[in-house]
S.K.: 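Have a look at the structure that comes next, please.
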Amino acid sequence: MKLKFWILDINYGLVGSIPEIRLWGIAEDGSRAVVLDRSFRPYFYLLVEEGREEDVKRTVEKYASKFRILKVEVVDKRYFGRPVKALKVTCQIPKDVPRIREEFARLPGVKDVLEADIRFYMRYMIDNDIYPSAWHEVEAEEVEKPAGWDVEKVYLAKRPPKFVTSDAPPPLLVYAFDIECYNKLGEPIAERDPVIIIASVTNKGDKAIFAAEDKNDRTIIQRFVEDLRRKNPDIVVGYNSNRFDWPYLITRARKNKVRLDVSRSGGAPAQSVYGHYSITGRANIDLYDFAEDIYEVKVRTLENVAEYLGVKSKNERVIIEGAYIYKYWDDPKLRPKLIEYAEDDVESTLGLAEKFIPFAIQLSSIVGLPLDQVGAASVGYRVEWHLMRQAFKFNELIPNRIERPYEKYKGAIVLKPKPGVHKNIAVLDFSSMYPNIMITKNISPDTYVPPYEDVPLDEVYVTPEVGHKFRKAPAGFYRRVLERLLEARKRIREKLRELNPESPEYVVLNERQKALKVIANATYGYCGWVGARWYKREVAEATTAWGRKFISETIRQARKIGLDVIYGDTDSVFVRYDKAKVEDLVKWVERELGLEIKIDKIYKKVFFTEAKKRYCGLLPDGRIDVVGLEAVRGDWSDLAKDVQEKVIEIILKEESPQKAIEYVNKVIEDLRKGNIPLHKLIIWKTITKRIEDYEVEAPHVAAAKILVQMGYQISKGEKIGYIVCKDGEKISERAKPYIIVNDYDEVDVEYYINNQIVPAALRILGYFGVKETQLVGKTPQKSLLEFFG
DNA sequence: GCCTTGAAGTTACCG
DNA sequence: ACCGGTAACTTCAAGGCG
């Protein structure tokens, strides 16, 4: 029979000594199904010295029975664009590959072992052009369902499924969950502290809250497992679940001797690649991975992200500080509040899932990583899997990941801005500048011509400044890959114009074009990453060099035709708007540089200081853009950010420095009176390394050390919120974690005036000649007090 | 020993 | 575990002064 199904998860198992690929998915009729394929075997390649193919082949064949090798064949492949003969070694058991790889790497005549580090199920998908999170068709027969599998049907494939479409996914059952733990000191420790609440809700509105019997969490873990298995979701989501909830539950389950069997094949979540947990047959997604990409939210707590996305307002929910959860648990009058809090959390989590999953699905089907891995994988790996897929299609061997030393190279140009307020300024942007440069100049590791190689100059593109040469033909790997991405995106965007933005089809396609853009834009960064399989410094270096040339020439041309250039950064040019001249420039760029440049926006007014990468502008609709300034940085207090934002608004809309001064005076007065909420004084900074590795005792490091003393475990990537208090010389001595600052009297008000409000306001007002003394107002200053005192 | 100064360390931003 | 360019803060140690 023929079956159309959507792939949700993939793994493999051994049936005797037969590796069996298991494609977990949803059939067209809505049934949950697994498609088994026993036809595929693991393999890898040996790159051998030229002419020794047959010789090495015979040697390898001698090991056939020892290593359960099925086949050795000489095949025609390409390696960095050059035709090569490689030995394809096919084995029986996937787990044997690492060992065989090591043995064969040592054989005489073997230069390299390639593609031996690609996981079996990924290999299967790549070779058969199968995409996760997409529809496929397969000729299959129904077989008996193994005991304990939570699916309706199991099929055995007659041949590998065929990709059909990555259009709208089937209705997917999403199960959001969240746990609360009991701990009095610092952070909960799984070995010691019980889980007290487990909350879950599905996208069908099916809610379940399990509360522990006092501090015994055995039953609720059991009930959670039952609940999850009974509801049998396709997707399980949490917030920070890969780093917290799952490892925590796994430890608690072990301690309680409870089985955490939530997968569709009856097992527990298993630690997998990219630091994620895999739940067989379902997609376990940690939404924090996607929240990380929302740069507008600086402190990415569940509450903050949910609020930003319009999922749940902070005003309409219970918020309990982690450190006080135990108090709410212990007090019978407060406990209902805690339950409510857990409910709000899990509802927010589900809300986030609805926002992120459509994008995740598209990203998954484009780069080819299973839905549960694609969020956990870093940008570099997402790009790389996309490239690996393409390499297979082009018959290119996939290079190994090797350790390389870091090499510096020059990046983009940033112009010095013209300081001041400028009116009617157009921002021109090159469309996808780096991808298009790589395409038009055919920049790729396989088209690179090293300096020692002679080649007629008319056959290569010679890079300005650095001189790297790349063949004009044939099309390089990066060109082919990027062209495909940009064309696909263009097609989708054209289609989107005809669709109703409310339609489900629009949503799917819009997420898809966003995912295509993300991958295309990240490909340049990938090629300059020393960890990349397709790393080539010259490739990255040539791309930025052409970029510098193009923007410089555009600026020169703009000036030549009389456009006033205010600023520029990498691929953008800010000019005083003159419709005719701008149109001329756009055409010139297209004609002379072969690239597209477009008006991105027109500012009614834009303000620059002397600093690069920092400005603010007023848009025609009255909105204000703030770029790079303190107001958009996460490491300034809300107090300072609010002040700067307001100052910017006054300057851009009313052009009145005097009014801005009065406003700042008022804020400082409020601060001195204690009329500013404490939370506005919190300064957030990330811990970027192990605490003991810091060379300098920065304020946030000092605050983190206090937290460690209190029993918190501070790990890399964590944000520390501190308030600067009185008593102490250095700021680091005065910085206290905000959770231990309860009284306004502790706050060092002078710090917030001199190091937060004043610099943030003066950044803007300084240009208008405003001095610090005018901002701090009539209240006598410290220096004067000292003088008279 | 105190104060100034600039380098170094650190973070977060822009495109 | 994508890139380089950039601003800005805080700490820290060297250098200057007396």
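Since we're looking at a predicted model, the values are computed, not measured. Sequence lines set the chain letters: A, B, ... in the order given, protein chains first and strands last, and positions in each chain run from 1.
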S.K.: What is the distance from OH of Y567(A) to P of dC14(B), rounded to the nearest Å?
M.R.: 10 Å

S.K.: Looking across every strand, which nucleic acid part, if any, lies under 4.0 Å from V632(A) by heavy atom: base, sugar-phosphate, or nothing?
M.R.: sugar-phosphate

S.K.: Let me know the distance between CD of E296(A) and P of dA12(B), rounded to the nearest Å.
M.R.: 16 Å

S.K.: With a 4.0 Å cut-off on N to O distance, would you call K730(A) and E697(A) a salt bridge?
M.R.: no

S.K.: Heavy atoms, side chains only, cut-off 4.5 Å: are W588(A) and E553(A) in contact?
M.R.: yes

S.K.: Using a heavy-atom cut-off of under 4.0 Å over every strand shown, decide if Y406(A) touches base, sugar-phosphate, or nothing.
M.R.: sugar-phosphate

S.K.: Whole Å only: how far is the CD atom of E718(A) from the C1' atom of dA12(B)?
M.R.: 18 Å

S.K.: Using a 4.0 Å heavy-atom cut-off, does W636(A) contact any base of the nucleic acid, only the sugar-phosphate backbone, or nothing at all?
M.R.: sugar-phosphate

S.K.: To the nearest Å, give me how far apart CG (L629(A)) and P (dA12(B)) are.
M.R.: 17 Å

S.K.: Using a 4.0 Å heavy-atom cut-off, does S732(A) contact any base of the nucleic acid, only the sugar-phosphate backbone, or nothing at all?
M.R.: sugar-phosphate

S.K.: Check whether any side-chain heavy atom of W534(A) sits under 4.5 Å from a side-chain heavy atom of F80(A), and report yes or no.
M.R.: yes

S.K.: Going by atom types alone, do H276(A) and D286(A) pair a side-chain donor with an acceptor below 3.5 Å?
M.R.: no

S.K.: Specify the residues of residues 683-703 of chain A, ordered by number, for which at least one heavy atom lies under 4.0 angstrom from an atom of DNA chain C.
M.R.: V696(A), E697(A), P699(A)

S.K.: When we call it a touch if two heavy atoms are under 4.0 Å apart, what does A412(A) touch: a base, just sugar-phosphate, or nothing?
M.R.: sugar-phosphate

S.K.: Salt bridge between R401(A) and D117(A), side-chain N to carboxylate O under 4.0 Å?
M.R.: no

S.K.: Give the angle between the helix axes at the two ends of the helix from dG1(B)-dC17(C) to dG15(B)-dC3(C), taking five base pairs at each end and rounding to 10°.
M.R.: 20°

S.K.: What integer distance in Å separates Q644(A):CD from dC13(B):C1'?
M.R.: 13 Å

S.K.: If you define the side chain from C-beta out and look only at heavy atoms, does anything of Y603(A) sit under 4.5 Å from Y615(A)?
M.R.: yes

S.K.: Quick one: closest heavy-atom pair of L775(A) and I668(A), and the distance?
M.R.: O-CD1, 3.2 Å

S.K.: Which two nucleotides bound the region of DNA chain C that has atoms under 4.0 Å from heavy atoms of chain A, read 5' to 3'?
M.R.: dA1(C) to dC12(C)

S.K.: For Y434(A) and Y478(A): C-alpha separation, side-chain torsions, deciding distance, then whether ring-ring contact (aromatic ring centres under 6.0 Å, His included) applies.
M.R.: CA-CA 11 Å; Y434(A) 286 167; Y478(A) 280 127; over 10 Å; no

S.K.: Contact class for Y434(A) (heavy atom, under 4.0 Å): base, sugar-phosphate, or nothing?
M.R.: nothing

S.K.: In plain terms, say whether R480(A) and D446(A) are close enough for a salt bridge, that is, a side-chain N and a carboxylate O under 4.0 Å apart.
M.R.: no

S.K.: Base, sugar-phosphate, or nothing: which does N521(A) touch, judged by heavy atoms less than 4.0 Å apart?
M.R.: nothing

S.K.: So among K601(A), K604(A), K605(A), R614(A), which one has a salt bridge (Lys or Arg N to Asp or Glu O under 4.0 Å) with D625(A)?
M.R.: K601(A)

S.K.: Is the shortest distance from a Lys or Arg side-chain nitrogen in E630(A) or R633(A) to a carboxylate oxygen in the other one below 4.0 Å?
M.R.: no

S.K.: Regarding G411(A), tell me which of base, sugar-phosphate or nothing describes its non-hydrogen contacts under 4.0 Å with the strands shown.
M.R.: sugar-phosphate

S.K.: Over all strands shown, is R763(A) touching base, sugar-phosphate only, or nothing at heavy-atom distances under 4.0 angstrom?
M.R.: sugar-phosphate

S.K.: Under 4.0 angstrom, heavy atoms only, what part of the nucleic acid is R614(A) near: base, sugar-phosphate, or nothing?
M.R.: sugar-phosphate

S.K.: Honestly, is K689(A) close enough over Y694(A), meaning NZ or CZ under 6.0 Å from the six-membered ring centre and within 45° of the axis?
M.R.: yes

S.K.: Need one value for G531(A): base, sugar-phosphate or nothing, where a base atom within 4.0 Å counts as base even if backbone is also close, heavy atoms only.
M.R.: nothing

S.K.: With V643(A), which of D638(A), V667(A), I648(A) fulfils side-chain contact (heavy atoms from CB on, under 4.5 Å)?
M.R.: V667(A)

S.K.: Under 4.0 Å, counting only non-hydrogen atoms across every strand here, what does Y615(A) touch: a base, just sugar-phosphate, or nothing?
M.R.: sugar-phosphate

S.K.: Classify the nucleic acid contact of Y274(A) as base, sugar-phosphate or nothing, counting any heavy atom under 4.0 Å across all strands shown.
M.R.: nothing

